[in-house]
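Note that the structure is a prediction, hence the values are computed from the model and not measured. Residue numbering restarts at 1 for every chain, and letters A, B, ... go by the order of the sequence lines.
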Amino acid sequence: MSQTLSAVKGMNDLLPGEIEIWQHVEGLARELFGRYGYGEIRTPMLEDTALFVRSVGEETDIVGKEMYTFDDKAGRSLSLRPEGTAPAARAYIEHSILNQEPLTRWFYTGPMFRYERMKTGRYRQFYQVGAEAYGSKEPAQDVEVMDMVAQFLQKLGLQDIALNLNSLGDETCRPAYHAKLVEYLQAHIEELCTDCHRRMEKNPLRVLDCKNPTCQAVASKGPNVLEFLCEPCKAHFDDVQRKLTALDIKYVVNPRMVRGLDYYTRTVFEFIASHPALGTASTVGGGGRYDKLVKSLGGPDVPAVGFACGLDRLVLLLKESQQKFGATPDLFIAVADAGSHDVAFTLASRLRREGLRVDFDTRGGSLKSQMKRSDKSGARFTLVLGELERTSGQAKLKQMAGGEPIPVALDDIARTVRAHSAAPRADATGVS
RNA sequence: GCGGCCAUAGCUCAACUGGUUAGAGCGCUGGACUGUGACUCCAGAGGUUGCCGGUUCGACCCCGGUUGGCCGCCCCA
């Protein structure tokens, strides 16, 4: 096709036929997170660049080379948000939320932006749904968040998703582990790949999840974070595991799982799907605790824990699952002769005002072509309106899926359609 | 950012070693059936073969560049 204008690389249009899946996922998130007491927030897509540098970390790939950053006309450096936790924390501080309530639960959904190499399930404008809980340092808060994600994924009908769990310690115990790890890695430096040499400078923890077999061998014999946890951190981690078990949530402890953002403390987790459609993009959700983030951004010393799920990847999985989403018309009104067009048009509007989903072809056309449109629309009933119906005031509801036509008076259509619907229409979210 | 594969109709794909008007299925539109969809049959519309340049008498095919997509690395959701 001729390439005149097209969407920016890595940014996609979502059209009817696919958008229904997105609406289903977002609707489920709203309904489910609401049950857990999380209120929705919307923050700007553009933030001061410094926000991400100070929270996500200057040395991370996200900030170092993946942000869409530019100067506005006043010379301010702005960036399209690459993730949602930092903007939420900024808003939490800016509106002095802690002074109004000691425990705050928020969720958000929307686009994020990272300038990265394109792959399946990985785009430059991608979508996340995430949540943040501020004010509780209790293990129960960590588990509440993980439980919520687990429920979310389960209700989407997704199978084969594993929860990986780890603890990175806090400012008391992490330095000792960090030092020990660097010391160990230095001693084995000649066995590590060149990437890992670079990682040792920037973020030694990342060596732990290097995919290179030799590096993995080195890492597996190195110091284990969990053995370095101080007493409070260890107690916290143990309690998290006890509570997960009490909620019957399956997990595996993975002491070599680290996350890409600098702000995590103590609990970190990832939900990993094993479906071939995702390729290497198998992480569908992740999160953890970040007790120092709010303070480091100039706010109060308030603990927090949260997560984010990649909607693009969830939608990819749902497409594979062959499930159908979205509502179809209750009724299609077809016109038998041009003289009935105006009456049919008015009738369609009246029925819509009465709450029915009604399809009608404003162009008219042959009855046959209108029947074809009705069939394709997935309408439950078709009503043919012609001179016969207009004069008698009586019509028939043809059942498109098969069965005898149902006689109906023209002024009693809405009630009859509802009476013959197999089941009450599902609410917007389809949540059961 | 590095390495490899790919690009033909709206979609999935054909087109002999470079040879003349680039085909099919699905989808779309109309008809067979002048008031009844899906099945069947018939017809029609739809392409600068991603784009730019080169080699050649001649390029969908060969070469270079470019854009876009896919896979691996990196990283992440």
Side-chain angles (χ1 to χ4, degrees), chain A residues 1-12 15 17 56 59-66 82-85 109-130 149 153 193-196 198-199 202-203 206 209-212 257-261 270-273 276 278-287 307-317 332-340 363 365-390 395-402 405:
Chain A
M1 62 222 79
S2 62
Q3 296 285 316
T4 44
L5 288 172
S6 57
V8 172
K9 176 172 178 161
M11 306 193 179
N12 302 307
L15 307 178
V56 176
E59 296 306 322
T60 60
D61 278 9
I62 292 175
V63 168
K65 54 188 194 190
E66 294 175 358
E83 57 102 47
T85 292
T109 180
M112 307 293 164
F113 303 84
R114 293 181 200 172
Y115 192 90
E116 288 188 282
R117 193 79 163 84
M118 291 284 306
K119 298 205 60 173
T120 302
R122 177 189 196 171
Y123 312 103
R124 289 181 174 178
Q125 175 173 332
F126 61 105
Y127 296 80
Q128 287 189 331
V129 56
V149 182
L153 298 173
C193 68
T194 52
D195 284 327
C196 282
R198 181 175 48 78
R199 291 192 182 101
K202 292 168 59 180
N203 188 347
R206 292 232 70 91
D209 69 354
C210 179
K211 306 299 182 293
N212 184 309
M257 181 184 68
V258 297
R259 308 216 70 236
L261 294 75
E270 283 184 2
F271 285 83
I272 298 169
L278 289 179
T280 50
S282 55
T283 302
V284 294
F307 81 93
C309 277
L311 294 184
D312 304 83
R313 293 175 183 180
L314 296 179
V315 167
L316 227 42
L317 290 174
F332 187 99
I333 299 179
V335 190
D337 56 89
S340 302
R363 305 166 310 164
S366 70
L367 182 58
K368 184 189 183 71
S369 68
Q370 293 179 73
M371 291 302 298
K372 282 186 170 179
R373 282 193 73 81
S374 176
D375 184 45
K376 215 161 56 164
S377 75
R380 178 173 181 77
F381 300 106
T382 300
L383 181 144
V384 176
L385 187 71
E387 198 177 346
L388 211 70
E389 289 77 13
R390 280 193 287 136
K396 284 179 179 150
L397 290 174
K398 182 185 178 78
Q399 306 193 61
M400 298 304 280

message: Using OP1 and OP2 only, check whether a side-chain N or O of Lys119(A) sits under 4.0 Å from C74(B).
response: no

message: Between Ser366(A) and Ser369(A), is there a side-chain donor-acceptor contact under 3.5 Å, judged purely by atom types and distance?
response: yes

Integer-rounded Å distance: [N] [atom2] and [X] [atom1]:
{"X": "Asp375(A)", "N": "U29(B)", "atom1": "CG", "atom2": "P", "value": "12 Å"}
{"X": "Glu66(A)", "N": "A77(B)", "atom1": "CD", "atom2": "C1'", "value": "12 Å"}
{"X": "Leu311(A)", "N": "C76(B)", "atom1": "CG", "atom2": "C1'", "value": "15 Å"}
{"X": "Met371(A)", "N": "G35(B)", "atom1": "CE", "atom2": "C1'", "value": "10 Å"}
{"X": "Ile272(A)", "N": "C76(B)", "atom1": "CD1", "atom2": "P", "value": "13 Å"}
{"X": "Glu83(A)", "N": "A77(B)", "atom1": "CD", "atom2": "P", "value": "8 Å"}
{"X": "Arg114(A)", "N": "A77(B)", "atom1": "CZ", "atom2": "C1'", "value": "7 Å"}
{"X": "Arg122(A)", "N": "C73(B)", "atom1": "CZ", "atom2": "P", "value": "10 Å"}

Give [X] one of three labels, base, sugar-phosphate or nothing, depending on what nucleic acid heavy atoms sit under 4.0 Å from its own.
{"X": "Phe271(A)", "value": "nothing"}
{"X": "Glu116(A)", "value": "base"}
{"X": "Leu314(A)", "value": "nothing"}
{"X": "Gly130(A)", "value": "nothing"}
{"X": "Val284(A)", "value": "sugar-phosphate"}

Main-chain N/O of Val335(A) paired to Gln370(A) side chain as donor or acceptor, under 3.5 Å: yes

Heavy-atom check, side chain of Thr109(A) versus side chain of Gln128(A), under 4.5 Å: no

query: Got Val149(A) and Phe271(A) here, is their nearest side-chain heavy-atom distance under 4.5 Å?
result: yes

I'd like a list of close polar pairs between nucleotides 32-34 of chain B and the protein, N/O only, cut-off under 3.5 Å.
none

Kindly point out which of [options] is positioned nearest to the side chain of [X]?
{"X": "Lys372(A)", "options": "A38(B), U36(B), C28(B)", "answer": "A38(B)"}
{"X": "Ala336(A)", "options": "C75(B), A77(B), G35(B)", "answer": "G35(B)"}
{"X": "Lys398(A)", "options": "G37(B), A77(B), C74(B)", "answer": "G37(B)"}
{"X": "Thr120(A)", "options": "C71(B), A77(B), U29(B)", "answer": "C71(B)"}
{"X": "Arg117(A)", "options": "G31(B), A77(B), C73(B)", "answer": "C73(B)"}

Quantified in whole Å, what is the [atom1] atom distance between nucleotide [N] and nucleotide [M]?
{"N": "A24(B)", "M": "C41(B)", "atom1": "P", "answer": "15 Å"}
{"N": "C6(B)", "M": "C60(B)", "atom1": "C1'", "answer": "14 Å"}
{"N": "U29(B)", "M": "G68(B)", "atom1": "P", "answer": "34 Å"}
{"N": "G31(B)", "M": "A38(B)", "atom1": "P", "answer": "13 Å"}
{"N": "G19(B)", "M": "G30(B)", "atom1": "P", "answer": "40 Å"}
{"N": "G58(B)", "M": "A14(B)", "atom1": "C1'", "answer": "22 Å"}
{"N": "C74(B)", "M": "G3(B)", "atom1": "C1'", "answer": "12 Å"}
{"N": "U8(B)", "M": "A15(B)", "atom1": "C1'", "answer": "10 Å"}

message: Both Glu389(A) and Lys9(A) contact RNA chain B. Taking the nearest nucleotide for each, which residue is further toward the 5' end?
response: Glu389(A)

message: Here's a test of your reading of the structure: between Val384(A) and Leu278(A), which maps to the more 5' nucleotide of RNA chain B?
response: Val384(A)

task: Indicate yes or no: does Glu116(A) engage Arg124(A) in a salt bridge with an N to O separation below 4.0 Å.
output: no

task: Apply ring pair (Phe, Tyr, Trp, His ring centres under 6.0 Å) to Phe307(A) and list each qualifying residue two or more places apart in sequence or on a separate chain.
output: Phe33(A)

- prompt: Partners of Phe126(A) by ring pair (Phe, Tyr, Trp, His ring centres under 6.0 Å), sequence neighbours excluded?
  reply: none

Using purine N1 to pyrimidine N3 plus N6-O4 or O6-N4 for Watson-Crick, or N1-O2 and O6-N3 for G-U wobble, both under 3.5 Å, which nucleotide pairs with [N]?
{"N": "C26(B)", "answer": "G10(B)"}
{"N": "C33(B)", "answer": "none"}
{"N": "U20(B)", "answer": "none"}
{"N": "C61(B)", "answer": "none"}

message: Nearest 0.5 angstrom please: Ser374(A) OG to Leu367(A) CG, how far?
response: 10.0 Å

message: Return the NZ to CZ distance between Lys398(A) and Phe332(A), rounded to the nearest 0.5 Å.
response: 13.5 Å

- line: Heavy-atom nearest pair, Val258(A) first then Glu270(A), reads O-OE2, 4.1 Å

